[in-house]
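First comes the structure, then the notes that go with it.
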Amino acid sequence: MPIKFIMSTTTPLHTPRHVAIIGAGAGGLVAARELRREGHQVVVYEREDQLGGSWIYTAEVESDPIGLDPNRRVVHSSLYNSLRTNLSRESMGFRDYPFRRKEGKERDSRRFPGHKEVLKYLRDFAADFEIDDLVRLQTEVVFAGLSEGGKWTVRSKSMDSDCVDEIYDAVVVCNGHYFQPRLPHIPGISSWPGKQMHSHNYRTPEPFQDQVVVMIGGAASAVDISRDVATVAKEVHVAARSVEEDKLGKLPGHDNIWLHSMIESVHEDGRVVFLDGNAVTADYIVHCTGYKFEFPFLETNGVVTVDDNRVGPLYKHVFPPALAPWLSFVGLPWKVAPFPLFELQSKWIAGVLSNRIALPSEEEMLEDIEAFYLSLEASGTPKSHTHNLGMNFAQWDYNNWIAAQCGVPPMEEWRKQMYIATSKNRLTRPETYRDEWDDDDLVLQAEQEFANYEI
């Protein structure tokens with residue numbers, strides 16, 4: 001039985017479009033739902049053999065563990081086996097499809113569940129909204145570009161056929177950005193004798209048994225992986241820009257984890273020298289340093305580029321003005337609660353494509369983008385953080401702006417406060433925030449609201 005939600009209202013469609021969605025992760029699935037709600041005809045292309053995108057776990061890793069070899073077979077999963085969400089299920093679920101606890105031996109009912117439960121949630125979502133039939137599995141898009149009459153040619157290759165060209169009115173790019181490693185510049189790294197890995201290829205701690213490991217990065221993955229590796233490693237040294245000086249040194253509660261400032265240089269004798277003056281002789285460097293945006297299939301004749309991880313020019317991180325609304329992107333912002341943001345972006349795209357929601361003129365969109373870029377420069381924000389909406393409540397203002405465009409309620413206040421509470425707890429007690437919390441009043445608000453949804 002399909003699910004009926006109170007918020008699932010559909011406005012009469014003005015003009016149905018034939019739309020290609022590239023990627024069947026969370027962004028592609030909710031884009032498919034929103035586009036079909038508006039009456040558009042949708043095809044979702046997915047290169048893997050199942051839907052779920054970055055939430056599909058595999059023990060497989062790439063032949064080049066740091067991801068520099070362009071000829072390596074790319075593994076799209078970046079999940080490690082022990083990963084649990086760093087957001088609560090209430091705050092991370094789609095707005096009109098609550099991420100409810102489900103009991104049973106195959107389900108993970110914890111408030112901060114493991115990655116398997118998130119994948120099951122996405123599969124439940126796809127099944128309940130009958131999206132599965134729109135997805136072409138094991139079908140990779142190798143080219144998407146403009147053709148005659150303003151249409152788009154999408155060339156795809158499946159497991160059992162040669163390349164096929166199809167024509168669409170619009171393309172929505174939802175291919176994710178957690179598979180192309182981003183690496184820092186480290187003086188001396190070319191002659192350093194130890195092993196290296198990007199966190200993209202980290203799965204389990206066993207390869208680090210009795211090793212001295214240097215972990216670069218201060219974000220959630222570095223925190224999780226350093227604790228995981230420390231269960232078997234001799235020593236773990238975490239190098240991060242954000243470590244306060246009074247917190248340098250041995251990590252409280254751990255006998256074999258040390259916090260350092262960033263790496264100054266590495267040397268042929270195996271030494272890793274930190275800016276704080278300390279040095280260790282290490283066996284392994286693990287780069288928890290994020291990812292690069294990459295769209296190898298997309299041909300826009302130079303209209304859309306990726307420059308130092310800035311995808312642009314894009315109006316509100318979604319529409320390139322010269323190609324709007326026929327090309328759009330879902331899921332570029334980071335340091336956000338992703339699923340609700342994907343949902344709002346998708347509603348906006350669907351409404352614009354049906355002519356129900358109007359975009360500004362191309363000139364006005366370009367002016368808005370230029371003003372945004374100037375504001376980033378004025379605040380000292382590096383270009384590589386163009387799509388980082390994690391500072392100063394930016395994601396909430398962004399979400400509410402899109403919600404207003406779509407004519408739907410603003411983001412729930414409990415969701416915002418829950419996200420903020422979790423972020424603070426993650427910083428102050430990273431070991432326990434997933435299992436101990438003090439926002440039960442917000443959980444109650446969420447559950448009361450979820451009770452209004454009809455199934």
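The residues of the chain are indexed from 1 along the displayed sequence.
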(request) Taking salt bridge (Lys or Arg N to Asp or Glu O under 4.0 Å) as the test, write out the residues that go with E117, two or more places apart. (result)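 Expected list: R107.
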
(message) My understanding is that only residues two or more places apart in sequence, or in another chain, count here; which of them pass salt bridge (Lys or Arg N to Asp or Glu O under 4.0 Å) with K151?
(response)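 Listed in chain order: D169.
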
Do [X] and [Y] come close enough that some side-chain heavy atom pair is under 4.5 Å?
| X | Y | answer |
| --- | --- | --- |
| F297 | V142 | no |
| H115 | Y80 | no |
| S63 | N71 | no |
| V443 | M418 | yes |
| T281 | D269 | no |
| N278 | L248 | no |
| F339 | L122 | yes |
| T153 | F143 | yes |

Salt bridge check, [Y] against [X]: does any charged N sit closer than 4.0 Å to a carboxylate O?
| X | Y | answer |
| --- | --- | --- |
| K424 | D439 | no |
| R155 | E299 | no |
| R415 | E449 | no |
| D224 | R84 | no |
| E412 | R95 | yes |

Does [X], at its [atom1] atom, have more than 12 non-hydrogen atoms belonging to other residues, nucleotides or ligands within less than 6.0 Å?
| X | atom1 | value |
| --- | --- | --- |
| R429 | CZ | yes |
| K157 | NZ | yes |
| E148 | CD | no |
| K316 | NZ | yes |

Determine all donor-acceptor pairs shorter than 3.5 Å in which one atom belongs to a side chain in residues 300-308; sequence neighbours excluded.
from : atom 1 : to   : atom 2 : distance (Å)
T300 : OG1    : V303 : N      : 3.3
T300 : OG1    : V304 : N      : 3.0
T300 : OG1    : V304 : O      : 3.4
D307 : OD2    : K383 : NZ     : 2.7
D308 : OD1    : R182 : NH2    : 3.2

Check [X] against [Y] and note the closest heavy-atom contact, atom names and distance.
| X | Y | answer |
| --- | --- | --- |
| Q395 | A337 | OE1-N, 2.9 Å |
| S226 | V238 | CB-CG2, 3.8 Å |
| A31 | I21 | C-CD1, 3.8 Å |
| L134 | A32 | CD1-CB, 4.2 Å |
| F329 | L298 | CZ-CD2, 3.8 Å |
| L251 | L259 | CD1-CD1, 3.8 Å |

(request) Would you check, one step at a time, whether the test side-chain contact (heavy atoms from CB on, under 4.5 Å) holds for V408 with L344? (result) CA-CA 9 Å; V408 300; L344 285 168; 4.0 Å; yes

Among all residues two or more places apart in sequence or in another chain, which pass the side chain to side chain donor-acceptor pair (under 3.5 Å) test with [X]?
| X | answer |
| --- | --- |
| H267 | S265 |
| E413 | Q417 |
| D228 | S82, Y202 |
| E264 | none |

[X] [atom1] to [Y] [atom2] distance, which is reported to the nearest 0.5 Å:
| X | Y | atom1 | atom2 | result |
| --- | --- | --- | --- | --- |
| L389 | K335 | CG | NZ | 11.5 Å |
| N86 | N425 | CG | CG | 12.0 Å |
| W414 | D441 | CH2 | CG | 12.5 Å |
| E436 | R111 | CD | CZ | 12.5 Å |
| L146 | W152 | CG | CH2 | 4.0 Å |
| I285 | M215 | CD1 | CE | 11.0 Å |

Check residues 185-194 and write down every donor-acceptor pair under 3.5 Å in which the side-chain atom is one partner and the other belongs to a residue at least two apart or another chain.
from : atom 1 : to   : atom 2 : distance (Å)
S191 : OG     : G188 : O      : 3.3
W192 : NE1    : G270 : O      : 3.1

(message) Counting the benzene-type ring for Trp, do F372 and H317 have ring centres under 6.0 Å apart?
(response)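 So the answer is yes for these two rings.
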
For [Y], is there any backbone N or O sitting under 3.5 Å from a side-chain donor or acceptor partner on [X]?
| X | Y | result |
| --- | --- | --- |
| E46 | A24 | yes |
| D64 | D69 | yes |
| N81 | R203 | no |
| D276 | S261 | yes |
| N256 | A230 | yes |
| R356 | L353 | no |
| R434 | T85 | yes |
| H237 | H260 | no |
| H200 | V75 | yes |

(message) Go through it in stages, so that I can follow the logic: the residues are Y398 and Q345, the test is side-chain hydrogen bond (donor to acceptor under 3.5 Å, both in side chains), and I'd like the CA-CA distance, side-chain angles, deciding distance and then a yes or no.
(response) CA-CA 10 Å; Y398 175 80; Q345 288 181 324; 2.9 Å; yes

(request) Hey, can you tell me if Y315 and W348 have their rings parallel, tilted or perpendicular (30° and 60° cut-offs)? (result)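 Judged by the thresholds at 30° and 60°, the geometry between Y315 and W348 is tilted.
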
(message) Using 30° and 60° as the class boundaries, would you call the ring planes of Y291 and Y178 parallel, tilted or perpendicular?
(response)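 Rings of Y291 and Y178: perpendicular, as their planes differ by over 60°.
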
(request) Could you tell me which residues satisfy ring-ring contact (aromatic ring centres under 6.0 Å, His included) with F99, sequence neighbours excluded, listed by chain and number? (result)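 Once residues adjacent in sequence are excluded, the partners of F99 under the ring-ring contact (aromatic ring centres under 6.0 Å, His included) criterion are Y121.
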
(request) Could you list the residues that satisfy ring-ring contact (aromatic ring centres under 6.0 Å, His included) with F293, not counting sequence neighbours? (result)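 Partners of F293 by the ring-ring contact (aromatic ring centres under 6.0 Å, His included) criterion, ordered by chain and then number, come out as H177, H387.
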
(request) Kindly write out the residues that satisfy side-chain contact (heavy atoms from CB on, under 4.5 Å) with F393, not counting sequence neighbours, or none if the list is empty. (result)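 Residues passing side-chain contact (heavy atoms from CB on, under 4.5 Å) with F393: W396, K416, I420.
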
(request) Could you pull out all residues at least two apart from T422 that satisfy side-chain contact (heavy atoms from CB on, under 4.5 Å)? (result)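 Listed in chain order: F112, R426, Y433.
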
(message) Using a 6.0 Å distance limit plus a 45 degree cone around the ring axis, check whether R33 lies over the aromatic ring of Y97.
(response)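 No, a cation-pi geometry is absent between R33 and Y97.
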
